[in-house]
Amino acid sequence: MNAQTQIPNQPQARPAFGSVLASTMAMATYAGGRWSAHEFKPVGPIPLSPAAHVLHYASTLFEGFKAYRWDDGSVNVFRMDRHIQRMQQSARALALAEPETGQLAEMVLGVIDRVREEVPEAPGALYLRPLLFGTTPNIGAAATPPSELMLLVMASPVWDYFAGGMKPLKIHVETQATRCASHLGMVKTGGNYAAAMGPTLAAKREYGVDQVLFCPGGEVQETGAANFLLIRDGHILTRSLDATFLHGVTRDSLLKVAPELGYRVEERVFTVAEMLEWVRDGEAALSGTAAVLAGVGSLMVEGRPHPVGNGEVGPHTRRLREVLVSMQQGTRPAPEGWLKRV
Ligand SMILES: *Cc1c(COP(=O)(O)O)cnc(C)c1O
C-alpha cells in the first residue's frame, strides 16, 4: 500500500488529499448478531468474498473527520461524538447493524494513538475514515440486509487544503438532476457519490466548473460533498435539515459559533432566485471537514455566470473559517466537548 510513500518536504509537492494512508488501521466484524473484539493491524488488503453484499448491493457507509496536532505536541480529535452518532444514524438508514459507541471510539482513538508520529503539523491534520460494509457472501440478497459486516477505521495524513491559495470556486447550479435518492441524502453512503458522478462530470466538461450545486425543483440543497451557506453582514442563511442532504458537522459547528460572532442564523428552504439575489452583494461558501469553508466566486446558471460579490473569497467566509480552524488547532477556546485529547 501507499503507507510507505516518501513524503516530500516541499509544501507544493505534498500528496493529494486522501492519497496516503497512515500505517495502522482498526478492524471489527459483525456476525451472529454481535460485534467481535476489534484489532489494530498494519494497513493493507482485506479478505473479501467476490459475493460480498457490498460489492453487489452497495451496503456501505462511512465517516470523515479530523484530528489536529497542537503546538503543545498533543493530538486532538474534533467532534468525534457527533461523527459516531452520524455513522450510527447512517447504519440505521441502510438497515445495517450499528457500530457500538464505545467500541468505535476506542478504534478511532487507538488508531490515532498508534499513528501519532504520522500526524502532520498544522495546517495539516490526520483525516479519520471509519467504514462499515456488508460482507455476507450471497449474490441473491438484493432485498435482504447483510447479517455479516466489517467495520474499519483507517486514517490519512493530510496537508494544507489551500496550499495553492484560497481560490474562489466556480459552481454550476443544477436544477434538473438530483445528487441522490431523496430519502438517502442525509446518509454518508457510497452510492450517493456514484449517483452524483455523472451530473458532476457533465457539468465540469460543459461549463468548466469546480463543483455542482444541486437544486432540484429550484430549491438549493448542497454540492457533491459539501454543504452550502449564504453569508453577509450579520446574517447566515442555509437550508434547514431534512433527509435530502448530508447534515454536516462543519455546518453545525459554524452555525453554533456564528451568533457570538454577531451573525443571525437562518435555517430554511430557499430558492435559486433568492440565492442569485443574495450573491449580488453577499457571499456564498461550501462547508465540510476537508476544506472547513471554501469561498464561491461564481455561480453558473444554464451556462451564464453570476459573480458572487466581487468574485473573490469574501471577508466573512475568511473570518468564519479562521475562527473554526483556530478552535480545531487549540488557539481559540472551543465549546465544551468539541475536542478530545488523544
Ligand atoms: C461529508 C459530507 C459533507 C460535509 O460534512 P462534514 O461533517 O461537515 O464534513 C457535506 N455533504 C456531503 C454530501 C458529504 O458527504
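In listed order, ligands and their atoms are each counted from 1.
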Quick one: nearest non-hydrogen protein atom to [atom], plus distance?
| atom | answer |
| --- | --- |
| atom 1 (C) of ligand 1 | K188 NZ, 1.4 Å |
| atom 11 (N) of ligand 1 | E222 OE1, 2.6 Å |
| atom 4 (C) of ligand 1 | G288 CA, 3.9 Å |
| atom 9 (O) of ligand 1 | T289 OG1, 2.6 Å |

Atoms in ligand 1 with a heavy atom of R179 nearer than 4.0 Å: 13 (C)

Atoms in ligand 1 with a heavy atom of A226 nearer than 4.0 Å: 10 (C), 11 (N), 12 (C)

In the structure I gave you, are the side-chain heavy atoms of [X] and [Y] within less than 4.5 Å of one another anywhere?
| X | Y | answer |
| --- | --- | --- |
| R251 | T238 | yes |
| P130 | M87 | yes |
| S240 | V269 | yes |
| H306 | V173 | no |
| H53 | T144 | no |

Identity of the nearest option to atom 3 (C) of ligand 1, non-hydrogen atoms only, from G248, A225, G224: A225

Should [X] be listed as contacting ligand 1, given a heavy-atom distance under 4.0 Å as the test?
| X | answer |
| --- | --- |
| S253 | no |
| H83 | yes |
| Y193 | yes |
| R86 | yes |

N76 side-chain N/O to Q328 backbone N/O, donor-acceptor pair under 3.5 Å: no

Aromatic F245 / basic R179 pairing, under 6.0 angstrom, 45° off normal: no

Given F78, F65, F62, the one that forms ring pair (Phe, Tyr, Trp, His ring centres under 6.0 Å) with H83: F65

Location of contacts on T250 toward ligand 1, heavy atoms closer than 4.0 Å: both

